[in-house]
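By convention here, the first residue in the shown sequence is residue 1.
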Amino acid sequence: MVGSVAAQVIPLVTLPIVTRMYDPAAIGLQALAITWASTLSVIATLRLDLASVLAANERAAERIVHATLTTMLMVIPCIALLLALFDDLILGMIGHSEATFWLWMLPVLSLMMALTQLGSSLQVRQKGFRRLALVNLVNQTSTQSLSLGIGAFSPWLGGLVIARVLGQIAAVVSLWSNGLWAYVKTWKFSLRDLREVLAECRQFAVFNTPYSIVSTVARDAPLIIFGALASATTVGFYGIARAVMFVPTSLASVSLGPVFFKEAVDKIGTPELERVAKRLLAVGMFVPAAGFALVVVVGPEIFALAFGADWRVAGEFAALLAPASWCALQSSWIGRVFEVRGKQRRQFVMQIIADSTVIVAVGGTMILWGDLLVSVALFALLSGVQSLVYFFVAARVASFKLIALARTWAFGAGFFALVVVALVVFETTASSLGIHGVWFSIAFACVATVTVTVFFRRWMTQSS
(Lines give C-alpha, C1' and ligand atoms only; values in the text may rest on other atoms or scores of the structure.)
Protein backbone atom coordinates (compact mmCIF):
# COMPACT_ATOMS: atom_id res chain seq x y z
CA MET A 1 0.00 0.00 0.00
CA VAL A 2 2.78 2.44 0.92
CA GLY A 3 4.62 1.85 -2.35
CA SER A 4 1.42 2.17 -4.36
CA VAL A 5 0.46 5.39 -2.58
CA ALA A 6 3.88 6.83 -3.40
CA ALA A 7 3.49 5.77 -7.03
CA GLN A 8 0.15 7.62 -7.23
CA VAL A 9 1.34 10.70 -5.32
CA ILE A 10 4.27 11.31 -7.68
CA PRO A 11 2.14 12.15 -10.77
CA LEU A 12 -0.22 14.22 -8.63
CA VAL A 13 2.65 16.29 -7.24
CA THR A 14 4.14 16.90 -10.69
CA LEU A 15 0.80 17.48 -12.43
CA PRO A 16 0.54 21.21 -11.58
CA ILE A 17 3.97 21.70 -13.19
CA VAL A 18 3.16 19.53 -16.22
CA THR A 19 -0.09 21.42 -16.92
CA ARG A 20 1.85 24.68 -16.96
CA MET A 21 4.57 23.26 -19.24
CA TYR A 22 2.51 21.46 -21.85
CA ASP A 23 -0.42 22.34 -24.06
CA PRO A 24 -3.71 20.53 -23.23
CA ALA A 25 -3.43 18.78 -26.61
CA ALA A 26 -0.16 17.13 -25.51
CA ILE A 27 -1.85 15.83 -22.36
CA GLY A 28 -4.79 14.66 -24.47
CA LEU A 29 -2.52 12.70 -26.82
CA GLN A 30 -0.86 10.98 -23.88
CA ALA A 31 -4.26 10.05 -22.44
CA LEU A 32 -5.34 8.62 -25.80
CA ALA A 33 -2.08 6.67 -26.14
CA ILE A 34 -2.52 5.09 -22.72
CA THR A 35 -6.14 4.20 -23.47
CA TRP A 36 -5.37 2.63 -26.84
CA ALA A 37 -2.30 0.79 -25.55
CA SER A 38 -4.24 -0.57 -22.56
CA THR A 39 -6.77 -2.11 -24.94
CA LEU A 40 -4.13 -3.46 -27.32
CA SER A 41 -2.14 -5.00 -24.45
CA VAL A 42 -5.21 -7.01 -23.46
CA ILE A 43 -5.44 -8.38 -26.99
CA ALA A 44 -1.72 -9.19 -26.92
CA THR A 45 -2.02 -11.30 -23.75
CA LEU A 46 -5.55 -12.72 -24.19
CA ARG A 47 -5.65 -12.22 -20.39
CA LEU A 48 -3.61 -15.41 -19.91
CA ASP A 49 -1.55 -13.38 -17.42
CA LEU A 50 -4.44 -13.80 -14.96
CA ALA A 51 -4.47 -17.55 -15.58
CA SER A 52 -0.82 -17.77 -14.46
CA VAL A 53 -1.85 -16.72 -10.92
CA LEU A 54 -4.29 -19.65 -10.66
CA ALA A 55 -1.92 -22.30 -12.10
CA ALA A 56 -1.77 -25.40 -9.92
CA ASN A 57 2.04 -25.61 -9.92
CA GLU A 58 5.14 -23.89 -11.24
CA ARG A 59 5.32 -26.00 -14.39
CA ALA A 60 1.75 -25.09 -15.32
CA ALA A 61 2.49 -21.41 -14.67
CA GLU A 62 5.55 -21.60 -16.93
CA ARG A 63 3.50 -23.09 -19.79
CA ILE A 64 0.94 -20.27 -19.47
CA VAL A 65 3.66 -17.60 -19.43
CA HIS A 66 5.28 -19.11 -22.54
CA ALA A 67 1.91 -19.17 -24.33
CA THR A 68 1.36 -15.52 -23.38
CA LEU A 69 4.73 -14.54 -24.83
CA THR A 70 3.82 -16.38 -28.04
CA THR A 71 0.57 -14.41 -28.40
CA MET A 72 2.51 -11.16 -27.91
CA LEU A 73 4.95 -12.08 -30.68
CA MET A 74 2.02 -12.75 -33.00
CA VAL A 75 -0.26 -9.83 -32.09
CA ILE A 76 2.10 -6.84 -31.72
CA PRO A 77 3.46 -6.97 -35.33
CA CYS A 78 -0.12 -7.21 -36.60
CA ILE A 79 -1.01 -4.10 -34.59
CA ALA A 80 1.94 -2.22 -36.10
CA LEU A 81 0.88 -3.28 -39.61
CA LEU A 82 -2.73 -2.11 -39.09
CA LEU A 83 -1.55 1.23 -37.72
CA ALA A 84 0.66 1.70 -40.78
CA LEU A 85 -2.18 0.87 -43.19
CA PHE A 86 -4.77 3.13 -41.54
CA ASP A 87 -2.52 5.91 -40.25
CA ASP A 88 -4.28 8.75 -42.11
CA LEU A 89 -7.72 7.62 -40.91
CA ILE A 90 -6.57 7.37 -37.28
CA LEU A 91 -4.71 10.67 -37.28
CA GLY A 92 -7.68 12.41 -38.84
CA MET A 93 -9.99 10.91 -36.22
CA ILE A 94 -7.95 12.27 -33.31
CA GLY A 95 -7.61 15.66 -34.99
CA HIS A 96 -3.82 15.77 -35.15
CA SER A 97 -2.54 14.84 -38.59
CA GLU A 98 1.01 15.83 -37.59
CA ALA A 99 1.16 13.36 -34.69
CA THR A 100 2.64 10.46 -36.67
CA PHE A 101 5.04 9.71 -33.79
CA TRP A 102 1.96 8.85 -31.70
CA LEU A 103 1.09 5.91 -33.94
CA TRP A 104 4.59 4.44 -33.90
CA MET A 105 4.75 4.64 -30.12
CA LEU A 106 1.56 2.60 -29.72
CA PRO A 107 3.01 -0.86 -30.58
CA VAL A 108 5.97 -0.25 -28.26
CA LEU A 109 3.77 1.00 -25.41
CA SER A 110 1.33 -1.88 -25.95
CA LEU A 111 4.15 -4.44 -25.77
CA MET A 112 5.59 -2.88 -22.62
CA MET A 113 2.15 -2.81 -20.96
CA ALA A 114 1.56 -6.44 -21.91
CA LEU A 115 4.91 -7.47 -20.40
CA THR A 116 4.10 -5.44 -17.29
CA GLN A 117 0.75 -7.23 -16.93
CA LEU A 118 2.47 -10.59 -17.25
CA GLY A 119 5.31 -9.78 -14.85
CA SER A 120 2.89 -8.29 -12.32
CA SER A 121 0.75 -11.43 -12.35
CA LEU A 122 3.85 -13.50 -11.64
CA GLN A 123 4.60 -11.26 -8.67
CA VAL A 124 1.04 -11.77 -7.40
CA ARG A 125 1.47 -15.53 -7.75
CA GLN A 126 4.65 -15.35 -5.65
CA LYS A 127 3.11 -12.85 -3.20
CA GLY A 128 5.81 -10.37 -4.20
CA PHE A 129 3.64 -7.38 -3.33
CA ARG A 130 6.61 -5.32 -2.14
CA ARG A 131 8.37 -5.83 -5.49
CA LEU A 132 5.11 -5.07 -7.32
CA ALA A 133 4.83 -1.74 -5.49
CA LEU A 134 8.45 -0.99 -6.40
CA VAL A 135 7.70 -1.60 -10.07
CA ASN A 136 4.81 0.88 -9.94
CA LEU A 137 7.09 3.36 -8.22
CA VAL A 138 9.79 2.94 -10.88
CA ASN A 139 7.22 3.41 -13.64
CA GLN A 140 5.80 6.65 -12.24
CA THR A 141 9.14 8.11 -11.14
CA SER A 142 10.67 7.51 -14.56
CA THR A 143 7.63 8.82 -16.44
CA GLN A 144 7.26 12.00 -14.43
CA SER A 145 10.99 12.77 -14.33
CA LEU A 146 11.20 12.44 -18.11
CA SER A 147 8.03 14.52 -18.57
CA LEU A 148 9.52 17.36 -16.55
CA GLY A 149 12.91 17.04 -18.24
CA ILE A 150 11.48 17.12 -21.76
CA GLY A 151 9.13 19.95 -20.82
CA ALA A 152 11.93 22.04 -19.36
CA PHE A 153 14.03 21.57 -22.49
CA SER A 154 11.24 21.84 -25.06
CA PRO A 155 7.52 21.17 -24.34
CA TRP A 156 7.09 19.14 -27.54
CA LEU A 157 3.60 17.86 -28.42
CA GLY A 158 4.81 14.26 -28.12
CA GLY A 159 6.96 14.69 -25.03
CA LEU A 160 4.46 13.16 -22.62
CA VAL A 161 3.88 10.13 -24.86
CA ILE A 162 7.63 9.49 -25.13
CA ALA A 163 7.99 9.88 -21.36
CA ARG A 164 5.25 7.32 -20.72
CA VAL A 165 6.79 4.81 -23.13
CA LEU A 166 10.21 5.11 -21.47
CA GLY A 167 8.63 4.88 -18.01
CA GLN A 168 6.85 1.67 -19.02
CA ILE A 169 10.14 0.28 -20.33
CA ALA A 170 11.73 1.03 -16.95
CA ALA A 171 8.92 -0.92 -15.25
CA VAL A 172 9.54 -3.92 -17.53
CA VAL A 173 13.29 -3.78 -16.78
CA SER A 174 12.45 -3.87 -13.07
CA LEU A 175 10.17 -6.88 -13.55
CA TRP A 176 12.78 -8.48 -15.83
CA SER A 177 15.30 -8.55 -13.01
CA ASN A 178 12.66 -9.76 -10.50
CA GLY A 179 11.59 -13.05 -12.02
CA LEU A 180 10.31 -12.37 -15.55
CA TRP A 181 13.64 -13.24 -17.20
CA ALA A 182 13.60 -16.71 -15.61
CA TYR A 183 10.51 -17.53 -17.68
CA VAL A 184 11.57 -15.72 -20.85
CA LYS A 185 14.92 -17.50 -21.15
CA THR A 186 13.22 -20.92 -21.31
CA TRP A 187 10.57 -19.80 -23.81
CA LYS A 188 10.36 -21.18 -27.33
CA PHE A 189 7.79 -20.11 -29.90
CA SER A 190 5.27 -22.95 -30.22
CA LEU A 191 1.79 -22.78 -31.74
CA ARG A 192 1.01 -26.26 -30.44
CA ASP A 193 1.72 -25.25 -26.85
CA LEU A 194 -0.35 -22.10 -27.36
CA ARG A 195 -3.33 -24.13 -28.61
CA GLU A 196 -3.08 -26.48 -25.63
CA VAL A 197 -2.92 -23.63 -23.12
CA LEU A 198 -5.84 -21.82 -24.79
CA ALA A 199 -7.88 -25.02 -24.58
CA GLU A 200 -7.05 -25.40 -20.88
CA CYS A 201 -7.59 -21.69 -20.07
CA ARG A 202 -10.45 -21.16 -22.50
CA GLN A 203 -12.48 -18.93 -20.15
CA PHE A 204 -9.74 -16.30 -19.95
CA ALA A 205 -9.48 -15.91 -23.72
CA VAL A 206 -13.21 -16.23 -24.42
CA PHE A 207 -14.57 -14.14 -21.56
CA ASN A 208 -11.84 -12.10 -19.86
CA THR A 209 -10.35 -10.72 -23.08
CA PRO A 210 -13.53 -9.18 -24.58
CA TYR A 211 -14.66 -8.18 -21.09
CA SER A 212 -11.41 -6.31 -20.46
CA ILE A 213 -11.52 -4.63 -23.88
CA VAL A 214 -15.11 -3.46 -23.57
CA SER A 215 -14.67 -2.34 -19.95
CA THR A 216 -11.58 -0.32 -20.93
CA VAL A 217 -13.45 1.32 -23.79
CA ALA A 218 -16.45 2.03 -21.55
CA ARG A 219 -14.27 3.43 -18.76
CA ASP A 220 -12.64 5.81 -21.22
CA ALA A 221 -15.74 6.36 -23.35
CA PRO A 222 -15.81 10.16 -23.00
CA LEU A 223 -12.09 10.37 -23.71
CA ILE A 224 -12.35 8.25 -26.86
CA ILE A 225 -15.54 9.98 -28.06
CA PHE A 226 -14.15 13.46 -27.38
CA GLY A 227 -11.03 12.47 -29.31
CA ALA A 228 -13.14 11.47 -32.31
CA LEU A 229 -15.84 14.17 -32.19
CA ALA A 230 -14.19 17.12 -30.41
CA SER A 231 -10.44 17.74 -30.15
CA ALA A 232 -7.25 16.62 -28.43
CA THR A 233 -7.51 19.74 -26.26
CA THR A 234 -10.89 18.61 -24.92
CA VAL A 235 -9.39 15.19 -24.36
CA GLY A 236 -6.65 16.90 -22.34
CA PHE A 237 -9.19 18.60 -20.08
CA TYR A 238 -11.13 15.39 -19.53
CA GLY A 239 -7.92 13.36 -19.22
CA ILE A 240 -6.67 15.51 -16.33
CA ALA A 241 -10.05 15.31 -14.59
CA ARG A 242 -10.16 11.55 -14.97
CA ALA A 243 -6.52 11.11 -13.95
CA VAL A 244 -7.06 13.02 -10.70
CA MET A 245 -10.46 11.61 -9.80
CA PHE A 246 -9.61 7.98 -10.45
CA VAL A 247 -6.28 8.00 -8.57
CA PRO A 248 -7.95 6.41 -5.49
CA THR A 249 -9.58 3.76 -7.69
CA SER A 250 -6.30 3.02 -9.42
CA LEU A 251 -4.55 2.89 -6.06
CA ALA A 252 -7.04 0.39 -4.65
CA SER A 253 -6.85 -1.71 -7.82
CA VAL A 254 -3.05 -1.75 -7.89
CA SER A 255 -2.42 -2.20 -4.16
CA LEU A 256 -5.46 -3.98 -2.68
CA GLY A 257 -6.61 -5.81 -5.81
CA PRO A 258 -3.64 -8.22 -6.09
CA VAL A 259 -3.67 -8.88 -2.32
CA PHE A 260 -7.40 -9.63 -2.30
CA PHE A 261 -6.95 -11.79 -5.42
CA LYS A 262 -4.39 -13.99 -3.70
CA GLU A 263 -6.42 -14.09 -0.47
CA ALA A 264 -9.45 -15.16 -2.50
CA VAL A 265 -7.43 -17.93 -4.17
CA ASP A 266 -6.42 -19.26 -0.76
CA LYS A 267 -9.55 -18.55 1.33
CA ILE A 268 -12.59 -18.33 -0.94
CA GLY A 269 -15.74 -19.47 0.88
CA THR A 270 -14.33 -18.85 4.37
CA PRO A 271 -15.57 -16.33 7.00
CA GLU A 272 -12.07 -14.85 7.08
CA LEU A 273 -12.26 -13.64 3.46
CA GLU A 274 -15.68 -12.13 4.12
CA ARG A 275 -14.30 -10.21 7.10
CA VAL A 276 -11.51 -8.85 4.91
CA ALA A 277 -14.07 -7.73 2.31
CA LYS A 278 -16.24 -6.00 4.93
CA ARG A 279 -13.28 -4.08 6.29
CA LEU A 280 -12.09 -3.02 2.86
CA LEU A 281 -15.58 -1.81 1.95
CA ALA A 282 -16.06 0.14 5.20
CA VAL A 283 -12.70 1.89 4.90
CA GLY A 284 -13.22 2.63 1.20
CA MET A 285 -16.69 4.08 1.76
CA PHE A 286 -15.91 6.45 4.62
CA VAL A 287 -12.23 7.49 4.62
CA PRO A 288 -12.07 9.12 1.15
CA ALA A 289 -15.70 10.39 1.15
CA ALA A 290 -14.88 13.95 2.27
CA GLY A 291 -12.26 14.33 -0.46
CA PHE A 292 -14.67 13.29 -3.20
CA ALA A 293 -17.42 15.49 -1.73
CA LEU A 294 -15.02 18.44 -1.77
CA VAL A 295 -14.51 18.08 -5.53
CA VAL A 296 -18.28 17.88 -6.08
CA VAL A 297 -18.73 21.29 -4.42
CA VAL A 298 -15.60 23.28 -5.37
CA GLY A 299 -13.95 21.18 -8.11
CA PRO A 300 -13.58 24.01 -10.68
CA GLU A 301 -11.97 26.32 -8.11
CA ILE A 302 -9.55 23.62 -6.94
CA PHE A 303 -8.45 22.76 -10.48
CA ALA A 304 -7.97 26.43 -11.38
CA LEU A 305 -5.81 26.91 -8.29
CA ALA A 306 -3.80 23.72 -8.77
CA PHE A 307 -3.28 23.59 -12.53
CA GLY A 308 -3.88 27.13 -13.74
CA ALA A 309 -6.93 29.17 -14.76
CA ASP A 310 -7.12 27.43 -18.15
CA TRP A 311 -7.96 24.13 -16.45
CA ARG A 312 -11.22 25.23 -14.83
CA VAL A 313 -13.13 23.17 -17.42
CA ALA A 314 -11.29 20.09 -16.17
CA GLY A 315 -12.59 20.93 -12.68
CA GLU A 316 -16.16 20.96 -13.99
CA PHE A 317 -15.61 17.49 -15.45
CA ALA A 318 -14.07 16.36 -12.14
CA ALA A 319 -17.06 17.58 -10.10
CA LEU A 320 -19.34 15.39 -12.23
CA LEU A 321 -17.00 12.39 -12.04
CA ALA A 322 -16.41 12.49 -8.27
CA PRO A 323 -19.43 10.39 -7.12
CA ALA A 324 -18.80 7.82 -9.87
CA SER A 325 -15.15 7.57 -8.88
CA TRP A 326 -16.12 7.10 -5.22
CA CYS A 327 -18.42 4.22 -6.24
CA ALA A 328 -15.78 2.70 -8.53
CA LEU A 329 -13.33 2.69 -5.63
CA GLN A 330 -15.52 0.21 -3.78
CA SER A 331 -15.66 -2.28 -6.66
CA SER A 332 -12.04 -1.96 -7.78
CA TRP A 333 -10.65 -4.84 -5.70
CA ILE A 334 -13.44 -7.44 -5.55
CA GLY A 335 -13.71 -8.47 -9.22
CA ARG A 336 -11.11 -11.23 -9.19
CA VAL A 337 -13.53 -13.54 -7.31
CA PHE A 338 -15.10 -14.29 -10.70
CA GLU A 339 -11.85 -15.92 -11.85
CA VAL A 340 -11.40 -17.75 -8.55
CA ARG A 341 -14.93 -19.17 -8.71
CA GLY A 342 -14.69 -19.85 -12.46
CA LYS A 343 -17.68 -17.54 -13.11
CA GLN A 344 -16.19 -15.47 -15.91
CA ARG A 345 -19.27 -16.07 -18.07
CA ARG A 346 -21.45 -14.24 -15.56
CA GLN A 347 -18.94 -11.40 -15.30
CA PHE A 348 -18.68 -11.23 -19.07
CA VAL A 349 -22.42 -11.01 -19.75
CA MET A 350 -23.01 -8.45 -17.01
CA GLN A 351 -20.09 -6.26 -18.03
CA ILE A 352 -20.80 -6.40 -21.75
CA ILE A 353 -24.40 -5.26 -21.22
CA ALA A 354 -23.42 -2.48 -18.82
CA ASP A 355 -20.44 -1.23 -20.81
CA SER A 356 -22.29 -1.31 -24.12
CA THR A 357 -25.02 0.80 -22.53
CA VAL A 358 -22.43 3.34 -21.36
CA ILE A 359 -20.73 3.56 -24.77
CA VAL A 360 -23.99 3.91 -26.73
CA ALA A 361 -25.53 6.40 -24.29
CA VAL A 362 -22.48 8.67 -24.07
CA GLY A 363 -21.76 8.49 -27.80
CA GLY A 364 -25.39 9.09 -28.71
CA THR A 365 -25.65 12.07 -26.37
CA MET A 366 -22.51 13.62 -27.81
CA ILE A 367 -23.65 13.08 -31.42
CA LEU A 368 -27.20 14.38 -30.86
CA TRP A 369 -26.54 17.33 -28.56
CA GLY A 370 -22.77 17.86 -28.60
CA ASP A 371 -22.83 18.94 -24.96
CA LEU A 372 -19.64 17.86 -23.19
CA LEU A 373 -20.92 18.36 -19.62
CA VAL A 374 -24.16 16.44 -20.26
CA SER A 375 -22.17 13.58 -21.80
CA VAL A 376 -19.83 13.40 -18.78
CA ALA A 377 -22.75 13.64 -16.33
CA LEU A 378 -24.52 10.74 -18.06
CA PHE A 379 -21.29 8.73 -18.07
CA ALA A 380 -20.82 9.38 -14.34
CA LEU A 381 -24.39 8.32 -13.51
CA LEU A 382 -24.22 5.09 -15.50
CA SER A 383 -20.74 4.28 -14.19
CA GLY A 384 -21.84 4.74 -10.57
CA VAL A 385 -24.81 2.40 -11.01
CA GLN A 386 -22.59 -0.08 -12.81
CA SER A 387 -20.06 -0.12 -9.94
CA LEU A 388 -22.82 -0.74 -7.41
CA VAL A 389 -24.31 -3.65 -9.37
CA TYR A 390 -20.87 -5.11 -10.11
CA PHE A 391 -19.92 -5.10 -6.42
CA PHE A 392 -23.02 -6.99 -5.29
CA VAL A 393 -22.88 -9.53 -8.11
CA ALA A 394 -19.24 -10.24 -7.20
CA ALA A 395 -20.14 -10.45 -3.50
CA ARG A 396 -22.88 -12.96 -4.32
CA VAL A 397 -20.45 -15.05 -6.38
CA ALA A 398 -18.11 -15.04 -3.36
CA SER A 399 -21.04 -16.17 -1.13
CA PHE A 400 -20.82 -13.10 1.12
CA LYS A 401 -23.82 -11.97 3.21
CA LEU A 402 -25.31 -9.17 1.15
CA ILE A 403 -27.41 -7.49 3.86
CA ALA A 404 -24.42 -6.41 5.92
CA LEU A 405 -22.66 -5.10 2.82
CA ALA A 406 -25.79 -3.23 1.69
CA ARG A 407 -26.01 -1.61 5.12
CA THR A 408 -22.42 -0.37 4.78
CA TRP A 409 -23.16 1.04 1.32
CA ALA A 410 -26.26 2.84 2.66
CA PHE A 411 -24.41 4.38 5.61
CA GLY A 412 -21.52 5.35 3.36
CA ALA A 413 -23.82 7.04 0.82
CA GLY A 414 -25.55 8.90 3.65
CA PHE A 415 -22.23 10.11 5.02
CA PHE A 416 -21.13 11.22 1.53
CA ALA A 417 -24.36 13.21 1.04
CA LEU A 418 -24.04 14.74 4.52
CA VAL A 419 -20.51 15.99 3.79
CA VAL A 420 -21.65 17.45 0.43
CA VAL A 421 -24.50 19.33 2.14
CA ALA A 422 -22.17 20.60 4.88
CA LEU A 423 -19.68 21.86 2.28
CA VAL A 424 -22.43 23.57 0.26
CA VAL A 425 -23.72 25.34 3.39
CA PHE A 426 -20.20 26.30 4.37
CA GLU A 427 -19.37 27.61 0.89
CA THR A 428 -22.66 29.54 0.61
CA THR A 429 -22.21 31.13 4.03
CA ALA A 430 -18.63 32.13 3.23
CA SER A 431 -19.69 33.68 -0.10
CA SER A 432 -22.51 35.68 1.55
CA LEU A 433 -19.94 37.11 3.97
CA GLY A 434 -17.65 38.05 1.11
CA ILE A 435 -15.11 35.34 1.98
CA HIS A 436 -13.41 33.16 -0.64
CA GLY A 437 -14.32 29.85 0.98
CA VAL A 438 -12.38 27.32 -1.11
CA TRP A 439 -9.47 27.11 1.35
CA PHE A 440 -11.84 26.75 4.29
CA SER A 441 -13.67 23.98 2.41
CA ILE A 442 -10.38 22.18 1.78
CA ALA A 443 -9.49 22.50 5.48
CA PHE A 444 -12.91 21.13 6.47
CA ALA A 445 -12.52 18.12 4.15
CA CYS A 446 -9.01 17.43 5.49
CA VAL A 447 -10.18 17.52 9.10
CA ALA A 448 -13.10 15.21 8.28
CA THR A 449 -10.81 12.76 6.48
CA VAL A 450 -8.25 12.67 9.31
CA THR A 451 -11.00 12.18 11.91
CA VAL A 452 -12.59 9.29 10.02
CA THR A 453 -9.17 7.71 9.38
CA VAL A 454 -8.27 7.79 13.08
CA PHE A 455 -11.65 6.29 13.95
CA PHE A 456 -11.25 3.41 11.49
CA ARG A 457 -7.69 2.75 12.57
CA ARG A 458 -8.84 2.32 16.16
CA TRP A 459 -11.82 0.23 15.06
CA MET A 460 -9.66 -2.14 13.02
CA THR A 461 -7.11 -2.43 15.84
CA GLN A 462 -9.83 -3.28 18.34
CA SER A 463 -11.41 -5.77 15.91
CA SER A 464 -8.06 -7.52 15.47
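Nearest approach of Ile76 to Pro107, heavy atoms of both residues: CG2-O, 4.0 Å. The two residues Ser121 and Val53 come nearest to each other via the heavy atoms O-CG2, 3.5 Å. Heavy atoms only, all atoms of each residue included: Ala380 and Leu320 are closest at CB-O, 3.2 Å.
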field: ring-ring contact (aromatic ring centres under 6.0 Å, His included) between Phe338 and Tyr390, worked out
entry: CA-CA 11 Å; Phe338 290 103; Tyr390 184 88; 5.7 Å; yes
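Relative orientation of the Phe426 and Phe444 rings is parallel, given thresholds of 30° and 60° on the angle between their planes. Below 30°, between 30° and 60°, or above 60°: for Trp409 and Trp326 the angle between ring planes is above 60°, a perpendicular geometry.
The number of heavy atoms from other shown groups lying within 6.0 Å of CZ (Arg396) does not exceed 12. Around the CG atom of Leu85, the shell of radius 6.0 Å holds more than 12 heavy atoms that belong to other residues, nucleotides or ligands.
At distances below 3.5 Å, at least one donor-acceptor pair connects side-chain atoms of Thr19 with backbone N or O atoms of Pro16. Put simply, the side chain of Thr209 gets close to the backbone of Leu46: a donor and an acceptor are under 3.5 Å apart. Side-chain atoms of Ser174 never come within 3.5 Å of backbone atoms of Ala170 as a donor-acceptor pair (strictly under, hydrogens ignored). When atom types are taken as modelled, the side chain of Thr45 and the backbone of Val42 share a donor-acceptor pair closer than 3.5 angstrom. A distance-only check finds no donor-acceptor pair linking the side chain of Thr143 to the backbone of Gln140 [under 3.5 Å]. No donor-acceptor distance shorter than 3.5 angstrom exists from the side chain of Tyr238 to the backbone of Phe317, with no hydrogens or angles considered. Checking side-chain atoms of Thr71 against main-chain N and O of Thr68 turns up a donor-acceptor pair under 3.5 Å. Listed for the Ser147 side chain is no donor-acceptor partner under 3.5 Å among the backbone atoms of Leu160. Side chain of Ser356 to backbone of Ile353: no donor-acceptor contact under 3.5 angstrom is found.
Separating the OG1 atom in Thr357 from the CD1 atom in Ile352 is a distance of 10.5 Å, to the nearest 0.5 Å.
For the pair Arg20 and Ile17, the minimum side-chain heavy-atom distance is 4.5 Å or more.
Comment: Arg47 engages Asp49 in a salt bridge, judged by a side-chain N to carboxylate O separation of less than 4.0 angstrom.
For the residue pair Arg164/Gln30, the side-chain donor-acceptor check at 3.5 Å is not satisfied. Looking only at atom types and distance, the side chain of Gln330 has no donor-acceptor partner in the side chain of Ser387 under 3.5 Å away.
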